[in-house]
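Notes to accompany the following structure.
Chain naming here is simple, since letters A, B, ... match the order of the sequence lines and numbering starts at 1 in each. These figures come from a predicted structure and were not determined experimentally.
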2 protein chains.
Amino acid sequence: MLINELSKRTGVSIATLRYYENYGMFKGVSDEKVRTNNYKHYDELVVEKIEIIKGAKEVGFTLAEIKDLLENWHSEQLSMEKKIAVVNSKINEVDAKIHQLTEVKKLLARCIEDIENGMC
Amino acid sequence: MLINELSKRTGVSIATLRYYENYGMFKGVSDEKVRTNNYKHYDELVVEKIEIIKGAKEVGFTLAEIKDLLENWHSEQLSMEKKIAVVNSKINEVDAKIHQLTEVKKLLARCIEDIENGMC
DNA sequence: AACAACCATATAGTATGGTTCATACTTTAC
DNA sequence: GTAAAGTATGAACCATACTATATGGTTGTT
């Protein structure tokens, strides 16, 4: 698919997609057979990566962190074990964030108590 | 306590604390009795607020969102019911983020599977 | 062929969340 | 009383993550 469709599929603006591609988050490929243009094509894997980017961003990961993850995930250089280690370490970070969120929730629950007790 | 102690208590740099105060996240008070300076004093409530800021930031809330929460929490203008409603809506957002994180976790788990199956 | 709609690249501008710096006054320790 | 450390204010600066704008080529429709 071309960038327009990719944008519609993912809900991410074309400008942002280009920014991401330029940043190195993923890569579209130009059709070798067509020499008249250099339109880039994106496949389902790119869609998946963008879903990861969206989700991870929403919960506070930076593009640099996400890029690092995605890069390792599809690297030819790395052994299967190393790739798995990278992804697993990200899963641990996600767990840490879930823990952090439950802490915030506790603080907010205490806020409610304080309000109910007229303490603020 | 003064800003130096506040910084040490919270682990947030003095510059950032001033930035937060300036942004309206909380307010220190100058001692009325001391007219020679306008050093600002911060109490335990400020420490608590900063803990909320830290936690909420870490999981992707913006300062504007957090400010909104903190402002309502200690507003004299709002009824107890409204305050509780504001905090509860934030708790719902936290739950939504937890859900989002579990989705990301699923995607990452699928990454692992893909890697194990040699699909990338 | 002409016109809209689409694609690519480059550059500049914007918003957020800070950090650094310059200046100046205050307190504390010696 | 003087040097060192702490505090306040304001402005400049910086990184991240976009967003907009300008320019020019391509495709598709009529």
Side-chain angles (χ1 to χ4, degrees), chain A residues 1-43 46-47 49-71 93 100, chain B residues 1-43 46-47 49-71 93 100:
Chain A
M1 78 192 83
L2 296 179
I3 198 156
N4 193 23
E5 196 183 336
L6 184 64
S7 173
K8 271 160 194 156
R9 280 283 299 278
T10 59
V12 177
S13 79
I14 291 178
T16 301
L17 288 174
R18 287 206 218 276
Y19 176 78
Y20 286 169
E21 180 164 8
N22 209 266
Y23 191 91
M25 305 299 283
F26 55 79
K27 267 179 91 170
V29 287
S30 304
D31 192 339
E32 288 290 320
K33 285 161 273 176
V34 182
R35 279 274 155 66
T36 49
N37 68 31
N38 63 335
Y39 288 13
K40 284 173 193 152
H41 296 258
Y42 306 92
D43 59 14
V46 174
V47 175
K49 285 187 178 185
I50 293 167
E51 290 309 320
I52 289 186
I53 295 169
K54 282 168 63 183
K57 260 183 50 57
E58 194 136 324
V59 293
F61 285 103
T62 65
L63 286 187
E65 287 169 324
I66 304 165
K67 184 189 174 190
D68 183 49
L69 167 70
L70 294 177
E71 260 172 8
E93 285 179 46
Q100 183 81 36
Chain B
M1 75 191 83
L2 295 180
I3 198 154
N4 193 20
E5 194 183 338
L6 183 63
S7 173
K8 271 161 194 155
R9 279 282 299 278
T10 60
V12 177
S13 79
I14 290 177
T16 300
L17 289 174
R18 288 206 220 276
Y19 175 79
Y20 286 169
E21 180 164 8
N22 209 265
Y23 190 91
M25 305 299 283
F26 55 79
K27 267 177 90 170
V29 287
S30 304
D31 192 339
E32 287 292 318
K33 285 159 272 177
V34 182
R35 278 277 155 65
T36 48
N37 67 29
N38 62 335
Y39 288 12
K40 283 172 193 150
H41 296 258
Y42 306 91
D43 58 14
V46 173
V47 175
K49 284 187 179 187
I50 293 166
E51 289 309 319
I52 290 185
I53 295 169
K54 283 169 61 183
K57 258 183 53 55
E58 193 136 325
V59 292
F61 285 103
T62 66
L63 287 187
E65 287 170 325
I66 304 165
K67 184 189 174 192
D68 182 50
L69 168 71
L70 294 176
E71 260 171 7
E93 285 178 45
Q100 183 81 35

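For the pair Ile66(B) CD1 and dG18(C) C1', the interatomic distance rounds to 14 Å; values are reported in whole Å. In this structure, the CD atom of Glu65(B) is 14 Å from the C1' atom of dA15(C), given to the nearest Å. Ile14(A) has its CD1 atom 14 Å from the P atom of dA5(C), to the nearest Å. Nucleotide dC21(C) holds its P atom 15 Å from the CZ atom of Arg18(B), rounded to whole Å. In this structure, Lys27(A) places its NZ atom 14 Å from P of dA8(C), rounding to the nearest Å. Residue Leu17(A) contributes atom CG, which lies 11 Å from atom P of dA8(C) at whole-angstrom precision. Protein atom NZ of Lys54(B) is 16 Å distant from nucleotide atom C1' of dG18(C), rounded to whole Å.
Taking CZ from Arg9(B) and OG from Ser7(B), the interatomic distance works out to 12.0 Å, rounded to the nearest 0.5 Å.
Residues forming a side-chain contact (heavy atoms from CB on, under 4.5 Å) with Asp68(A) (at least two apart in sequence, or on another chain): Asn72(A). The side-chain contact (heavy atoms from CB on, under 4.5 Å) check on Lys49(A) picks up Phe26(A), Leu70(A), Trp73(A), His74(A), with sequence neighbours excluded. Qualifying side-chain contact (heavy atoms from CB on, under 4.5 Å) partners for Asp43(A), counting only residues two or more places apart in sequence or in other chains: Leu45(A), Val46(A).
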Please tabulate, for the side chains in residues 53-61 of chain B, all donor-acceptor contacts under 3.5 angstrom to protein atoms that are two or more places apart in sequence or on a different chain.
residue, atom, partner, partner atom, Å
Lys54(B), NZ, Thr10(B), O, 2.8

Which pairs of donor and acceptor atoms, one on a side chain in residues 14-22 of chain A, lie under 3.5 Å apart (sequence neighbours left out)?
residue, atom, partner, partner atom, Å
Thr16(A), OG1, Ser13(A), OG, 2.9
Glu21(A), OE1, Tyr42(A), OH, 2.6
Glu21(A), OE2, Gly28(A), N, 2.9

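Between Lys40(B) and the phosphate of dT9(D), there is a side-chain N or O to OP1/OP2 separation shorter than 4.0 Å.
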### Query
Once each nucleotide of nucleotides 10-29 of chain D is scored for protein heavy atoms under 4.0 Å, what B/S/- sequence comes out, 5' to 3'?
-------BBS-----BBS--
